[in-house]
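Have a look at the structure below before the remarks.
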Amino acid sequence: MPFFLTKSFLDCTNSKIMIELERITLEAVRVNTKSGNSEKMIEGSMMLIGLSEAAHLYALFLKKSFHECANLMAVLFMAALLFVLAWHFFTGRKAKRTKMVSENGFLKLMHGYPLLCLLTGGLIIFQIIWNYYMHVPYLKNDITGETVQTMLASDGIYTVNPMTGFFFEEGMPLRLRILCLPTLYAAVCRFTGIPAQTLVYSIVPMLVLLLSYLVYSRYAAWFFPKEEKKQLLFMLFVVLLYQLGSYGTVTDSFFLFFRGFQGAAYRACVILPYALLCSLKGKWKSVILCALAEVCVVWTFYGLGYTVIVAGVVLSLKGIQTFLEAKKNTGKEEK
Amino acid sequence: MNGGQYLMLFMTALLMMWLIKPFPQKEFRRYALAMLLLLVFPLTGRLLQSYQTGFYGKENIWILLPVTALLPLGLVMVWEILTKEFTALCGRRGKGVSKRKKQFLEAAAVLALTVLLFLCGTLSLGRTVTNKADGDERIPAREEAVLRLLDISKDDFVTLLAPDDVVLWARIYSGRILLPIGRNVSEPELSAFSYEACPADMEELREWVNGTGTADKSGEFLDYCFSIGCDYLIFAKERHAEEELQQALEGQAFYSLYQETESYVIYRLP
């Protein structure tokens, strides 16, 4: 009988896999108390999108007007903000008792490596000014700006054709209508008074770029724990890679600098890298959040986006690794 | 845009990570290799493409590859090796290098790797496909100037027939501008955003307003514009100078000259 069918091997493998699965499950249900500020900001942006999606779907399917949708969004955001503040207030007291260790605080890094910090920061500022304020937007295959203006002018959600301004006769595909980003942008424009062009083509891409850098700063901390210089160098190379990497229409750099306002950019540069990092760290709760955020911003396969593939591949690799280790151990035991 | 070699650099970095021992984040390395293989093999690549609705091109599935995370990691590792080598070379005579010299060597290694990134990248500062913004609201100044002249009230809509360059920005400028010929006529790929079919006569109308058509039907088109309630007509200066259009505009009573800018002429219903 081949060794991989022996009872002892199967028992050993099954128990290893069960232990790993149990660990993953425990990790998934455990309240993540160790999230740093960067993680909070990244996941906060995803939650914001989730709340917008709820308001958007409510208005879309119940045929409510845009202003009702925007009001609901504002209420949800306020409720979320109050919840976060209350949470912070109650959990903050406990946290004060234990000494907080600041991980890679900006001031600490600035004090240790001022030149590297200034160089990286300067390049990021240059990217923002050069790409989002000094050039006209890249509009190929995109109608986000028109859609936002249409919602503001017509007070409806996808009732009017954004390309002409006339009422739809045949309508718009549902796969596009369920995406919430244009509604979120229009709601922000409505409440802040910021011109739609400025919000869509300057402010949103800038925020996505900064969120992307936050995600990669988490990679830096994961790759090089307690090695500040290497972390900063890693970030410098990420900045340079973005700066010089717009050579194809699907590179991260192109997404950020040319289509930063699209859901595809947010997915490619924030959701996917963060989902991969969380999968590798075993933070499955965050991975689920990424998968849900992806559904809200891009067209997916019945709700199954790239995040599911990323998590699936990582899980499969972990499973294979556990299997191989079990096999190795069984071989040793049999010897 | 072309000339990017980052995928080659990615594969080199990945290979290097398999050769360097000990490597701390093995799971990340395994994921990168597994994803690369899934994308490279035609069958799995096809499956991934089908999974992503099949609507997008194959290049879109390459965003699954963690290029932006792996390449800088590889570069930092190379930087470490380079710094060690440089330091060993400079301190050959049994003496260690001074702190200042070490900093200089580290900076030299960063510079060398930056040059590598630069040579494998686009060799430009990006944004080679869009022009410098010269208007106030991220709209080209030529188009912004003409759109500003339209009398758009807060409660009303205006209907506009204009050349492609103006149409591109018109509804981004204001949602209260209605376009009988939208961007979907000049950019058919945008039809994927709606089920609306574009009437065949719109293409002819577009050619007329842009001055690319051959038929001498200016009189008919002006009547048609009036019949569909077009409030404004915009022509490029070169188009407006054409004799056939001039004669048709002089021979009609609906539209009168309203304003003009450096590049465009605006007609309006009185």
Side-chain angles (χ1 to χ4, degrees), chain A residues 130-131 133-139 141 143 145-146 149-150 152-154 161-166 168-173 176 195 197-198 201-202 216 219 223 230 233-234 237-238 240-241 243-248 250-253 257 268 272-273 276 280 299 301 306 309-310 313-314 317, chain B residues 1-4 6 25 27-28 30-31 34-35 48 51-53 59-60 62-64 66-69 71-73 75-76 79 110 114 117-118 121-122 125-127 129-133 137-140 157 168 171-172 174-180 182-184 189-190 193-197:
Chain A
W130 178 257
N131 290 291
Y133 290 92
M134 287 181 70
H135 283 81
V136 292
Y138 180 75
L139 298 178
N141 284 343
I143 55 165
E146 286 98 324
Q149 289 283 30
T150 303
L152 290 167
S154 67
N161 187 343
M163 289 169 280
T164 61
F166 293 104
F168 272 125
E169 285 172 15
E170 303 292 329
M172 207 172 171
L176 297 173
Q197 307 94 313
T198 311
Y201 301 123
S202 300
Y216 285 106
Y219 271 95
F223 287 143
K230 285 187 185 172
L233 269 177
F234 179 88
F237 287 131
V238 172
L240 286 170
L241 199 67
Q243 188 58 49
L244 304 165
S246 300
Y247 57 82
V250 287
T251 60
D252 288 355
S253 173
F257 295 151
L272 282 183
L276 174 60
L280 293 169
W299 177 25
F301 181 69
Y306 282 150
I309 295 183
V310 169
V313 170
V314 173
L317 289 171
Chain B
M1 282 183 292
N2 50 37
Y6 284 169
Q25 309 297 353
E27 282 190 347
F28 177 70
R30 272 186 225 124
Y31 170 84
M35 195 47 85
L48 282 173
Y51 170 80
Q52 191 49 28
T53 67
E59 68 275 10
N60 285 283
W62 284 84
I63 63 167
L64 284 165
V67 179
T68 313
L71 256 184
L73 172 63
L75 289 168
V76 173
W79 170 83
V110 171
T114 306
L117 271 181
F118 191 69
T122 54
L125 289 168
R127 282 286 176 187
V129 292
T130 51
N131 297 321
K132 285 268 185 76
E137 298 185 32
R138 301 214 63 203
I139 292 175
F157 291 86
L168 182 65
R171 286 195 52 77
I172 291 172
S174 170
R176 298 201 165 271
I177 299 175
L178 308 180
L179 302 168
R183 274 179 66 197
N184 52 333
E189 61 272 20
L190 290 179
F193 286 106
S194 79
Y195 292 127
E196 308 285 285

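Note on naming: letters A, B, ... go to the chains in the order of the sequence lines (proteins, then strands), and numbering restarts at 1 for each one.
When heavy atoms are compared at a cutoff of 4.5 Å, Pro273(A) does not approach chain B at all. Heavy-atom distances place both the backbone and the side chain of Leu280(A) under 4.5 Å from chain B. In this structure, chain A has a heavy atom under 4.5 Å from the side chain of Ala34(B), while its backbone stays farther away. For a residue to count as touching a neighbouring chain, one of its non-hydrogen atoms must lie under 4.5 Å from one of that chain's; by this rule Ser202(A) touches chain B with backbone and side chain alike. Contact annotation for Asn161(A): both backbone and side-chain heavy atoms come within less than 4.5 Å of a heavy atom of chain B. Using a 4.5 Å cut-off between heavy atoms, Leu272(A) contacts chain B through its side chain alone, with no backbone atom that close. Only the side chain of Leu276(A) comes within contact range of chain B, judged by heavy atoms closer than 4.5 Å.
Residues Tyr306(A) and Tyr51(B) keep their aromatic ring centres 6.0 Å or farther apart. In summary, the aromatic rings of Tyr216(A) and Tyr219(A) are positioned with their centroids under 6.0 Å apart.
Looking at Leu179(B) and Phe166(A), their side chains never come closer than 4.5 Å, going by heavy atoms from C-beta outward. Side-chain contact between Glu27(B) and Leu317(A) is absent, with no heavy atoms from C-beta onward closer than 4.5 Å. Side-chain contact between Trp62(B) and Val67(B) is absent, with no heavy atoms from C-beta onward closer than 4.5 Å. Looking at Phe237(A) and Leu71(B), their side chains never come closer than 4.5 Å, going by heavy atoms from C-beta outward. Looking at heavy atoms from C-beta onward, Ser194(B) lies in side-chain contact with Met163(A) at the 4.5 angstrom threshold.
Top candidate by heavy-atom pairs under 4.5 Å with chain B, chosen from Val314(A), Leu139(A), Leu152(A), Val313(A), is Leu139(A). Contact tally against chain A (heavy-atom pairs below 4.5 Å) for Leu168(B), Leu73(B), Leu190(B), Ile177(B): the top residue is Leu73(B). Most heavy-atom pairs under 4.5 Å with chain A: of the set Pro72(B), Pro66(B), Gly175(B), Pro180(B), this distinction falls to Pro72(B). Counting heavy-atom pairs under 4.5 Å between each of Gly245(A), Ala268(A), Gly171(A) and chain B puts Gly171(A) at the top. Across Leu240(A), Leu233(A), Asp252(A), the residue that shares the most heavy-atom pairs under 4.5 angstrom with chain B is Leu233(A).
Legend: residues meeting salt bridge (Lys or Arg N to Asp or Glu O under 4.0 Å) with Glu169(A), ordered by chain and number and at least two apart, are absent.
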